[in-house]
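These numbers come from a predicted model, not from an experiment.
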Amino acid sequence: MYRRGSNMSDLSFITDVEMAQDEVGIELAPMHPTHTAIPRQQLMTKTKVFAGPMSESVPTSISSFAHRRPRADSTTSFTYYDDDRDSEEGVEEEAIAEEYGDIADYDQYAEELDDLEAGRAPSLLRRKSSGYSRRSIEAPLLRRHSASSADSAERWRGGRISQKVYILTEDLTIVVAGFKTSTIGFAIYMVLCTITVGLAWLLFRWLPRWRVAMTGRPVPLRDCDWVVIENQWGEFAVQYVNQRTYGRSISTVFGDLEKVPYGDYDEDSDPVISQLHSLDYRYIRFCYHPLKDKFILTNTWKDPAWTDRDYRELVFGRNMIDIEEKSVGQLLVDEAFHPFYVFQIASLILWSLDEYYYYAACIFVISIVSITTTLVETKATMKRLREVSRFECDVRVLRNGFWRHVESGELVPGDVYEVTDPSLSQIPCDSLLLSGDCIVNESMLTGESVPVSKIPVTNESLEMLNLSASSMLPEVARHLLFCGTKIIRARRPHDDGDDEAAALAMAVRTGFNTTKGALVRSMLFPKPSGFKFYRDSFRYISVMGGIAMVGFVASFINFIHFGLAWHLIVVRALDLITIVVPPALPATLTIGTNFALSRLKQKQIFCISPQRVNVGGKLDVICFDKTGTLTEEGLDVLGVRVVQRPTNGFSDILTDAIEVLPGASYERDPTVNYSVHKAILYTMATCHSLRVIDDELLGDPLDVKMFNFTGWSFEEGEHKSGTGDEDQDHNLSPSVARPPPGREYDIDHRADNANRKPVELGVIKTFEFVSQLRRASVIVRQFGSRNVQVYVKGAPECMKGICRPESFPTDYEDLLAYYTQKGFRVIACAAKTSEKSWVKVQKMKREEAESNLDFMGFIIFENKLKASTTPVIEELERANIRKVMCTGDNILTAISVARECGLINKTAHCFVPHFVEGDSRTALAKLSWESVDDHVFKLDENTLKPLPPPPESDASLPYDISNLRNYSIAVSGDVFRWIIDFASEKVLREMLVRGQVFARMSPDEKHELVEKLQSIDYCCGFCGDGANDCGALKAADVGISLSEAEASVAAPFTSRVFDISCVPQVIKEGRAALVTSFSCFKYMSLYSAIQFTSVSFLYASASNLGDFQFLFIDLLLILPIAIFMGWSGAYPQLSRKRPTASLVSRKVLTPLLGQIFICVVIQAVGFEYVQKQPWYQPPIVDKDHSNSLNSQNTTLFLVSCFQYILSAVVLSVGKPFRQPMSQNLPFVITMLLTLAITFYLLFDPAHWLFKLMELTYLSPVFKVFILALGIGNFVLAFLSERFLLPRMAMWVGWIKIRVNPKWKKKRKAYKEIAEGMRI
């Protein structure tokens, strides 16, 4: 039994089951086990012991995917996949055995080879798992074979007809089902399309599942010509399977296979694939694996022996991020055959038949303009996106032992190319740097424009490389050149033996498999936001359609009674249905969002996912990164506190480099041992990751400030290309740090020594900063010295494990607490001397270098709050929006900053948990929750409520900390990890509700925090600088990245103003857009109801509205009013009240139905009263034509005009979410203009207009009566909307609960938890 580590593994898209691997046969990339997978008992005798799951490269947040919150509208039941087997006993172990277990017995192996993708994680690793898959509600159209052993051989030979796949990098679950076209079914389909003159084609276009059911024949995946792919959001796609002649072995596509001892299925363990079957879904390529009998993701490549370029291009495709652009014809068909426009076409035909030629012509022109505008915008957007994504250049690549120039599109994984080529300005694909060094700008990916240094890959890093993981480990990322990142500087390795050496990189991911490809995919296929507004709006339209059908039937019977011509009966009755769906509806549904996007853009806030704007109006909690978000990016060095030997205490704060190490002997205190001072200054001068570009130091801002404090100069060294056992950090000419003039010489050398030499510190080996270790170190040799020094700087917490205990001053913890509680950033320094030779230093491991050190002191950084931070936090507090800090900094520093900006109550206790037994990896560890201000005050470990302090305790506390009721919790990353993994669900949920500060959090833990908050029904926002917050920004419902880029992979929103003032802006505009969408929809619904009422009354006497009356209402009244209703900006202050987010809630429907009722009553009064007038002109029944010239028509037309105009005033919501209507100048002008025209039509229209609008005589008194009806309608509607109808909505809710208590609205989980924790 044997598994080779250099495989292109198929584990890439499934992580619900951890990957297990044998300890033998690893060639290129062995992974270090962290857990133990437990196979099924019955497999134990035939399975070698697993080395453990491969989870190091999989982020923590991903490893807990099984208990993520399912997003709204996520479909966990699939039409083409039978989930019944999910509940079978032992499915987890089957899944392990199938994908990753090395099963000795082939028969058993074949029996277990069913769908891994349906499996959930083993219970040992997923304690909090809430079952992800549910039994399908509908009967699936397709069922897989059962898992019985009887049919296992059939499945092995290609019997599987569907599979479920979880694509980790996209966080997407899909089902793939295989089909061939059924000859009989296709023939029936063609006949139906022909005899219905294309109507059947249209119907099947809208209902693709019906078409698949008719024309498709389910077949095994290996035999299919096309597949149906359905994702968890219910999105549906049909993809054709590409079949190309291949003639190579399986291992050239999927890596080496498992060696199966009883290989009775094939004499050759690596059979030849004659035909390569592949499919591309959302630009992700899958290839069919004939032995595993399923499609497998081909997004990774790790096979050093594979050299044939042509076959690799067959598997991976060209290195092009080339978005398929639809032709104008295709776009036209897609747009014109949208259900709405088909409805419009049918309506146009209907209106033409009814002789409404002018109206039909105008709507036709509007539809053409609308379709053309959409086409132009779509083409422009796609062109812009293609320009951003498509990149081509010439690359100098090594092919068959010779260097040649090729187009970047021809690169395939495994190609070695030159990075130092002057024509190369961008990285053409994801690549591993093999030699030389490179500095790149990764702002497109991270949002952070700080240059990033890349160094050649090492064997250790190569072992950790997992190209299928959703994010790269920091140890690996420093060797990876990501596609699309700009090259600031590339340098060849300077080796005396080779003047022609070049910086080389090897392509590992190409095209859409690259990080840039993932960014483009996220723009093309954004996740559904779970916002139900549009779905609810069409539900409401379907209800109105039902009412129209009732009207259709009633009108039909009524017209037969009048004896009208049949064609007129049908046309008139159908006309009622067209009134329900107004022409301007699609535009008005999105108008609020479009205006909000425009206003945000003016405020330098850009959005690549417009549907997230409305979601911004629903936010309950905002998580903030600290450094660079709440506080200034650049930290100023306040000073240094150095350890004094031999007293082992701290010096006073030294605020200048000359105070740290005075140059002149007379300036030095003879009682002080300056060797420690020298070590800490040398640490500051050498222990950093700075690079010199155009005589400017670039790198981490903290490193820049620290180095500038020393006043030294820095000369960057040249890297040598290491081979064999040599480490690639071995420098031919190391980077050198030199002191400023006047302090050139070592203080230990006497001034009269003629042989003394200036100080030059050469950095001969660097261990980069690693977030897990929280430290960086360098090995330095002073010019002329035999010894080397190791200098380390890092988080104070990590020093205890690497320094000698006796080197710590007794007041270490007290001084650290003093500075961190005051909000200062503290970096600890340590050093040691070694007598190792150059060669031994190069082979020195990090663990050896960073051990038995002497602690040297603290560097204190001052981290100031940004000017806008406190006002924004206070604004969010007034709006009752919860704020959470999520940072990688020290917990006490984080608490101090949180108190300073008002994120947590300054006078309330803040409790911090720490381990009293065990640690974060100990299941039975014990936590103590103590107040950071006085350890006497504690929380109950089960309820997280404050315990009464002991009677003997002193109640007087610093900072006036007296408030226990509004206490908060601050949690460090290791405790957070333990609570997630081992604590009870109750404690986890209470910690999430009360936790205000989360410190020492890794990027993956930030991501997981967001998902955990979402799991208790929070609508969660995240605001960060994008540098290490990408996961959290993407996981949040609304992610806002503070970045210079207009669009980055980091977040849906990007703010170019680098402070958190963008957060309330996004919330305000989100609320305004949400309220605008509801107002516009209610207005359009009311408009439909008013017109439907008018026409229904007129139909009672075989009359109707006139052609120009319809035109006047729809074009001159409704269109401008609906557009300018949404023009109102956001209200400048955030309200504690939140807008409703559900269209079908009683708060929305009750007022709407009330308004409809008022309009119907007013029209009924006018309709009845006009018939009692002496001058009343009754309608004349014409069996072949419409008759509009009658008093009923004129009365209802004029009354309804007032209703259309004044209803907009009633429904135009202002405070507290939008600016008052009076500030919306275009809307006010529209109101005044339309009212003036209506007054003119009512009282004194010109004769030509009187005839054009088909009006009839009305007496002056009756005209005043119509005006009174319009004003009365407005007053009644306005008062009802403000006072009566909201109360009626409350009564409806109360009655509903009384009738059936189960109908009571379920409260959000976090509110119930907070209620239970209230003191």
> Mark yes or no: Arg1287 above the aromatic ring of Phe1283, with NZ or CZ under 6.0 Å from the six-membered ring centre and no more than 45 degrees from the axis.
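That pair does not qualify as a cation-pi contact.
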
> Could you tell me if Arg994 sits above the aromatic ring of Tyr967, with its cationic atom closer than 6.0 Å to the ring centre and no more than 45 degrees from the axis?
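So Arg994 does make the cation-pi contact.
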
> Counting N and O atoms only, with roles assigned by atom type, does the side chain of Gln1065 sit under 3.5 Å from a partner on the main chain of Ser1061, one being a donor and the other an acceptor?
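No; judged by distance alone, with no hydrogens or angles, the pair does not exist.
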
> When you measure from the side chain of Gln996 to the backbone of Val884, do you find a donor-acceptor pair of N or O atoms at a distance under 3.5 Å?
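Pair absent, no side-chain N/O of Gln996 close to backbone of Val884.
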
> Starting from the C-alpha separation in whole Å, work towards a yes-or-no answer on side-chain contact (heavy atoms from CB on, under 4.5 Å) for Ile622 and Phe1022.
CA-CA 6 Å; Ile622 307 285; Phe1022 192 100; over 6 Å; no

> Distance-only, no hydrogens or angles: does the Gln1177 side chain make a donor-acceptor pair with backbone N or O of Asn1190 under 3.5 Å?
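Answer holds: no.
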
> For Leu1211 and Ser1079, work out which heavy atoms get closest and say how close.
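Leu1211 and Ser1079 have their closest heavy atoms at O-OG, 3.3 Å.
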
> Is the distance between the ring centroids of Phe1274 and Phe1202 less than 6.0 Å?
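When the ring centroids of Phe1274 and Phe1202 are compared, they turn out to be at least 6.0 Å apart.
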
> Parallel, tilted or perpendicular: which fits the ring planes of Tyr1087 and Tyr1204, with parallel below 30° and perpendicular above 60°?
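Perpendicular, since the angle between the ring planes exceeds 60°.
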
> Determine whether the aromatic ring centres of residues Phe1217 and Tyr1131 are separated by less than 6.0 angstrom.
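So the answer is no for these two rings.
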
> Kindly give the heavy-atom pair with the smallest separation between Glu1254 and Gly1106, and that separation in Å.
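Nearest pair, atom of Glu1254 first, then Gly1106: OE2-CA, 3.5 Å.
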
> Quick one: do Lys1082 and Glu1281 make a salt bridge, cutoff under 4.0 Å?
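Judged by the 4.0 Å cut-off on N to carboxylate O distance, Lys1082 and Glu1281 do form a salt bridge.
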
> Might you point out which heavy atoms bring Gly1126 and Arg1218 nearest each other, and give the distance in Å?
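Smallest interatomic distance, heavy atoms only, reads CA-NH1, 4.0 Å.
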
> Should the ring pair Phe1265 and Tyr1169 be called parallel, tilted or perpendicular, given that the plane angle runs from 0 to 90° and is split at 30 and 60?
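Plane angle between 30° and 60°, so tilted.
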
> Over all heavy atoms of both residues, which pair between Phe1092 and Ile579 is shortest? Give the atoms and the distance, please.
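Distance-wise, the nearest heavy atoms are N-CG2, 3.7 Å.
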
> Using the rule given for salt bridge (charged side-chain N to carboxylate O under 4.0 Å, His left out), can you reason through Arg1307 versus Glu1312, listing the C-alpha separation, both sets of side-chain angles and the distance that settles it, and then say yes or no?
CA-CA 7 Å; Arg1307 289 187 77 193; Glu1312 293 180 351; 5.6 Å; no

> Which residue is it: Lys883, Lys1311, Arg882, Arg1138? I am looking for the one with a salt bridge (charged side-chain N to carboxylate O under 4.0 Å, His left out) to Asp620.
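Testing Asp620 for a salt bridge (charged side-chain N to carboxylate O under 4.0 Å, His left out) against Lys883, Lys1311, Arg882, Arg1138 leaves exactly one candidate, Arg1138.
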
> Do NZ/NE/NH1/NH2 and the carboxylate oxygens of Arg1136 and Glu877 come within less than 4.0 Å?
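Salt bridge: no.
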
> Any idea which heavy atoms bring Ile1123 and Phe595 closest together, and the distance?
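Ile1123 and Phe595 have their closest heavy atoms at O-CE1, 3.4 Å.
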
